[in-house]
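For reference, the structure is listed below as structure tokens.
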Amino acid sequence: MNGAGRFEAQGEHEGHERPDRHEQHEGHGEHGEHHGGREGRGGEEPREGYGGVGGYVGAGGGSRDGRSDDGHAGAGDGGGSGQDPPESDGSEPNRPPRIPTPRASVEDGGLPLPGPADLGDLAPMPLDLPHDVLKSLLGAWALAACSAAETAAVEDHLGSCGSCADEARRLREAVGLLHQPESLDLDPGLRTRVLENCLERRPPRIPVPKWAAAYDAETARLDALLQDFGDAEWHAPVRLRWFEADRAKSRRTTVAGVIAHLLSVDGLVAVALGLDDPLAAAAGAAEQDAVGPAERTEAFWRSSHFPPTRSLRGPWREQSHSLVRTVSFTGGHPGGLSVSYGDFELPLHDAMLDRAFECWVHAEDIADAVDYPYPPPAPRHLNKMIDLAARMLPTALATRRRTGLASPARGRHLGLAGEPGRSLRLEIEGAAGGEWLIPLDSPAAVGSAALEVAHVALDGVEFCRLAAGRVSPEEAAVGQLGDRDAIRDVLFATAGLSRL
């Protein structure tokens, strides 16, 4: 059976029109030949809509029986001769496909890419803008927020206007600071390193004495801590702690109240140096009987009509500067000047160390109140503070004996002033450490390794916190060996060095 016969055999399906598809399968007659040959060999009936159907090889506009619209057989009679079918009347031979093909890029088309010279007409042309408008665009230009045309106009203007060029340079530098990737917080040790480097290159005309350097450094560190405090931080609660008669004492105040305390007690050194007394300015003649640190502090707090505020920072810092400046004029020699603390006195150089020690301790109290880290002093300064406390221990032990707080007197070795006596070896560990022999029986005795009865070892910062009343003798991390009573007396005497 040839291809035409097959079309006639399917004539019974007339009325089921197929869409005109000759434009999509034009030139595929060889496929029809293939299918026709397959049926000729096998004799099987072709499936509807598959190879051999006139819709694939017949003329455009033909129906499924292989006939054209005028009733004649289609051009597929020859079993797929491969010749182009004739066009039917009214058809559109160049109609685009129903599904558009992907767009081709310039590279795929084989065309040459345009060169820089070809883009000359597309480059942004500088705008002709007045000076005021160009000046107003400098901020956006520094932030790279201008359009291409505005950027070209601004940069063309900067070449001829000096004032705008200077302003643009300052704005660009400011933008560089805004995009700083690392933290802007300064290293706390930067000030010390800069000062040391400067002093090595050019010594100061009037140097600060070594015994006053610790006070100068600690007041500067505390002032750096206070400089960014807001009202909430200045009124943060702080609890001052100390030991008195072997019992822990405390007093509640605020950050501003601590600065008032430092201002009033530093005033003892100011009075000894002939400077103005801050208590006299604050309380007047009503508090002239306040002579000790605790009495002066209470008097200063009572004289304040309102709770202390940030306004105390300026007077305290100015007073600390005046103290350092005044002792610097002594030439490094205190000249036998003493500072009265009411019930005892300290030489000027020891009083400055005492004030440095208290400034550090209270700075830690303030830092704890605002939850801010605060490192201990430099080892060379911390060593001098430990040495001061160790030298004050014999007198503190004698005071305990007079008040009946010391252990029984059995086994004591009594001797003349300046003679060796029973001693305790105080070993301080760490970078600020060292060893001290503490005479146990008399302040006038001399520590003797031959008469050593006990040995105590503490970390340097732990010992200072014990001396400040921040750690109780029972809780201090102490390594001990020897006479238990002597060790207990020394530890409680160290805690008794603390005061309000």
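The CD1 atom of Ile386 sits 8.5 Å away from the CG atom of Leu426 when rounded to the nearest 0.5 Å. How far CD of Glu452 is from CG of Leu437: 6.5 Å, rounded to the nearest 0.5 Å. Note that CG of Leu138 is 6.0 Å distant from CG of Leu158, once rounded to the nearest 0.5 Å. To the nearest 0.5 Å, atom CG of residue Leu424 and atom CG of residue Asp483 are 9.0 Å apart. A distance of 11.5 Å separates CG of Leu240 from OG of Ser498, quoted to the nearest 0.5 Å. Summarising the geometry, atom CG belonging to Asp266 is positioned 7.5 Å from atom SG belonging to Cys359; distances are rounded to the nearest 0.5 Å.
Sorted by first then second residue, the salt bridge (Lys or Arg N to Asp or Glu O under 4.0 Å) pairs that include residues 247-261, not counting sequence neighbours, are Arg251-Glu298. Sorted by first then second residue, the ring-ring contact (aromatic ring centres under 6.0 Å, His included) pairs that include residues 140-166, not counting sequence neighbours, are His131-His157.
Using a 4.0 Å cut-off between a side-chain N of Lys or Arg and a carboxylate O of Asp or Glu, Asp166 and Arg170 do not qualify as a salt bridge. Under 4.0 Å is where a charged nitrogen must lie from a carboxylate oxygen, and between Asp246 and Arg400 at least one such pair does.
Annotation: side chain of Gln227 is in contact with side chain of Arg313 (closest heavy-atom distance under 4.5 Å). The shortest side-chain heavy-atom distance between Leu393 and Thr494 falls under the 4.5 Å cut-off.
For Asp368, the salt bridge (Lys or Arg N to Asp or Glu O under 4.0 Å) criterion is met by no residue, not counting sequence neighbours. Checked against side chain to side chain donor-acceptor pair (under 3.5 Å), Glu429 has no partners two or more places apart in sequence or in another chain. Listed by chain and number, the residues in a salt bridge (Lys or Arg N to Asp or Glu O under 4.0 Å) with Glu155 amount to none (sequence neighbours excluded). Take Tyr341 and apply the ring-ring contact (aromatic ring centres under 6.0 Å, His included) test, not counting sequence neighbours, and it matches Phe344.
At distances below 3.5 Å, not a single donor-acceptor pair connects side-chain atoms of Glu345 with backbone N or O atoms of Ser338. Between the side chain of Gln319 and the backbone N or O of Leu263, at least one donor-acceptor pair lies under 3.5 Å. Side-chain atoms of Arg470 come within 3.5 Å of backbone atoms of Ala468 as a donor-acceptor pair (strictly under, hydrogens ignored). Of the possible polar contacts, one joining the Trp301 side chain to the Gly257 backbone as a donor-acceptor pair under 3.5 Å is found. Judged by distance alone, the side chain of Ser423 and the main-chain N or O of Gly421 form a donor-acceptor pair under 3.5 Å.
Residues Ser320 and Arg317 bring a donor and an acceptor atom of their side chains to less than 3.5 Å of each other. Between the side chains of His381 and Glu218, no donor N or O sits under 3.5 Å from an acceptor N or O. For the residue pair Ser250 and Arg239, a side-chain donor N or O sits within less than 3.5 Å of a side-chain acceptor on the partner.
Between His362 and His261, the angle of the ring planes goes over 60°, which puts this pair in the perpendicular group of the 30/60° scheme.
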